[in-house]
Amino acid sequence: MSEVPEKDYQGAKIGMWLFLFTELMLFGGLFILYAGSRALHPEEFHTASRELNVFLGVANTVILLTSSLFMAAAITAIQKGSKKLAMRLVALTIACGVFFLINKGVEWSQKFHHGFYPNGPALAHSPAGEPIFFGLYFIMTGLHGLHVLAGTLLLCVMLVWLARDRVRADDYVSLENSGLYWHLVDVIWIFLLPLFYLAA
Amino acid sequence: MSYLDSPGGGLRSWLTSTDHKRVGVLYLILMLTLFWVGVGIGFTMRLKHLSAGNFLISAQTYNALFTVHGVIMIFMFVIPGLPAVFGNFFMPILIGSRDVAFPRINLLSWYFFAVGSVLAILSLFTGNGPPDTGWTFYVPFSIRTSTNVTLAVFAAFILGMSSILTGLNFITTIHRLRAPGMTWHRMPLFVWAIYSTAWIQILATPIIGITLVLVMIERFFNVGVFDPGKGGDPLLYQHLFWIYSHPAVYIMIVPAMGVVSEIIPTFARKSIFGYKAIAYSSLAIAAFGSLVWAHHMFTSGMSDTAGLVFSLLTFIVAVPSAIKVFNWTATLYKGSIEMAPPMLYALTFIFLFAIGGLTGVIQGALGLNVHLHDTYWIVGHFHYVMFGGTGFAFFAALLYWFPKMFGRMYNPKPMYVAWAHMFVGFNLLYFTFLVMGTMGMPRRYYAHLPQFHAAHLIATVGSWILVAGLMILFGNFVAALFKGDQAEDNPWGGLTLEWKLSSPPPAENFAEIPTITAGPYSYNPTRTG
């Protein structure tokens, strides 16, 4: 604990990890809600889950996993000093984020179109647990979508910083922290996929 | 140049300052303002009970008043009070640092706090009238009432973000910015308390955040996750709410215990007894305190097994609190005690907190809880903990550190007079609550039955004496701010690092970062920590 350098890398990363804990707890509240609701209505959750498009869900999983690979590669690239490669990889990560959101948008609009939303026509006569399933689906994937959006915007900032050499081979902690955030968003999706799409 | 003058004394330089000391003072100003709003509301509610029926205010206004009193006092005073004000100002100094790890985020969290407070106050005057749900925002009423719950809940959400950022900042600071030689076991106990509290802040607060978001979503879209008519479960709301809000009680009390652990060795001129026990009991409280939330729900229809488990855990969490009380008492034994105002208030904390803690153990028993739930007993209990505990510790901290913070010494005599008023008024008010509760007076009732009238009168008179004491206390502080003598650098003979700085401290705290070679309370050389 001797002289603390002007920029404390370790400190910045501790701060980021603590922030990720808070994000986990934020989603944790919703996972509790999901667990409680599903325990009350196991069959309704099973039936309602069939309405979700497994193909789109899995496609989005592949997209996010790939994006995490690009992200990790981008950090390695900048560590090794190849700025151009790092920028390309960050751009690819951003593209994956955008694809994910488009995909999600298509999925949501289909559900709305067919009336599968709480108080919607398709669920007017379904048993009590099914609107809860769709309610939680929209709340949890919605909150997750907001996180993807935030992560994508954050990575856009990183792209600019890379271009301006604010993130560089000897100072890349902000890119690393953005990467941590991006992986967290990815991990949360990995839990959302089975809970909603594969529950049937 | 003290931090008060550097850089510049203008409003702008204060509102853009990332100096942890200035941020602490900004919090102090805002919080004391809100505190007095809360006091005014509480005072008004007591006035209402001068009559058993319709008097002074309408029943609807009464509902709004107890809601707003709770929201302001809990979310804007007792929860953030000690960490945000004294944690910000003194924690970095106590570990020998020049600032917190993320100074800009620190200022940002003050702005979140300010915005949250303004929105909460706005919710009183806009929309369909102030929220009337009680500070707990229980469903289904909070979803159905037409009053301005959405804005109030949003305000609490923003205040939560402020709390999270502060906690995150403090943990990182304590891990990274300790002076050379400041090992974990040489940290002052207030720092240990702030550290434990910060963990609760970052782990528990997001849960209330998402819960409040769910209330907003339900109010806008009526999804029904808490509505049994649609297959939801209102008990889930209560669980989610208390998963945060019970640990929040420890966000309130643990830093208060930290303050007392600083004051007692200073005024007993003795090294603290059981340093490690006190330090680790803070962590133990943070850990066990996160596992007791459902004792708020014993009468809600939750399963009996759950009730038994949570009752047992509730008893267990009393153990680390008792460890602290015994260690403070042991510190006093054969000490050279100087009953200066901070010490008097700290000892009062121990007395009042002991009553608050023991009443808490009593209502943690399943059988008794059925009788005591939702009565004035509960109101009495948590005022003993929050006001008698955290409130008095806040005053003790202010009395202890005021000369350091502002470089002015207050006149001690009125502080004793204020104490006498507050002590008598407080017990008259809240002990009567405990008695009334055992007799069956339900909380949050606008009207009361004739058999409770005498007790209500006694409590109301107590509230006058209490407020009179508060006025003397703060009046004297304000007088000291403008007319007080220049404070010495170390008026109490303390040994921790803040007393080695000038009063008020220079902007950069330490010209040279100190090297620490001993524990914080080495009063008697044979027993250095």
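Sequence lines set the chain letters: A, B, ... in the order given, protein chains first and strands last, and positions in each chain run from 1.
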Within 6.0 Å of CH2 in A:W108, more than 12 heavy atoms from elsewhere:
yes
*asked:* Between A:H41 and B:G231 (side chain of the first, backbone of the second, donor and acceptor by atom type, cut-off under 3.5 Å), is there such a pair?
replied: yes
Within a radius of less than 6.0 Å around CG of B:D304, do more than 12 heavy atoms belonging to other residues, nucleotides or ligands occur?
-> no
Quiz item: Between A:D8 (side chain) and B:R176 (backbone), is there a donor-acceptor pair under 3.5 Å?
Solution: no
Whatever's closer than 4.5 Å to a heavy atom in chain B on A:L143 counts as side chain
Closest non-hydrogen atoms of A:N119 and B:F221, given as atom of the first, atom of the second and distance, are ND2-O, 3.2 Å
CG (B:L168) and CZ (A:F19) are apart, to the nearest 0.5 Å, by 8.0 Å
Is the number of heavy atoms from other residues, nucleotides or ligands within 6.0 Å of CZ (B:F510) greater than 12? yes
In terms of heavy-atom pairs under 4.5 Å with chain A, the winner among B:T211, B:I164, B:N222, B:L165 is B:N222
>> Would the distance check show the side chain of B:D233 and the main-chain N or O of A:S37 forming a donor-acceptor pair, the cut-off being under 3.5 Å?
In response: no
Closest non-hydrogen atoms of A:I132 and B:V223, given as atom of the first, atom of the second and distance, are CD1-O, 4.4 Å
Atom CZ of A:F191 with >12 non-hydrogen neighbours under 6.0 angstrom:
no
Original post:
Counting only heavy atoms not in B:F288, do more than 12 sit closer than 6.0 Å to its CZ atom?
Top reply: no
The interface call for B:L214 against chain A, heavy-atom contacts under 4.5 Å, is side chain
When the 4.5 angstrom heavy-atom criterion is applied to B:Y237 and chain A, the contacting part is neither
Max heavy-atom pairs within cutoff under 4.5 Å with chain A, candidates B:T205, B:I208, B:V213, B:L203, goes to B:L203
Look at atom CZ of A:R88 and say whether more than 12 heavy atoms of other residues, nucleotides or ligands are closer to it than 6.0 Å.
no
Output for pair (A:I14 CD1, B:I174 CD1), nearest 0.5 Å, gives 11.5 Å
Note: vs chain B, highest number of non-hydrogen pairs under 4.5 angstrom among A:P131, A:G135, A:G29 is A:G29
Is the number of heavy atoms from other residues, nucleotides or ligands within 6.0 Å of CZ (B:F154) greater than 12?
no
Open item on the list: Would you say that more than 12 heavy atoms from the other residues, nucleotides or ligands in this model lie under 6.0 Å from the NZ of A:K13, or not?
Closed with: no
Heavy-atom nearest pair, A:L33 first then B:L236, reads CD1-CD1, 3.8 Å
In this structure, OG1 of B:T172 is separated from CE of A:M16 (nearest 0.5 Å) by 11.5 Å
Between the CD1 atom in B:I202 and the CG atom in A:L20, the distance rounded to the nearest 0.5 Å is 10.5 Å
When rounded to the nearest 0.5 Å, the distance separating CD1 of B:I210 from CZ of A:F31 is 10.5 Å
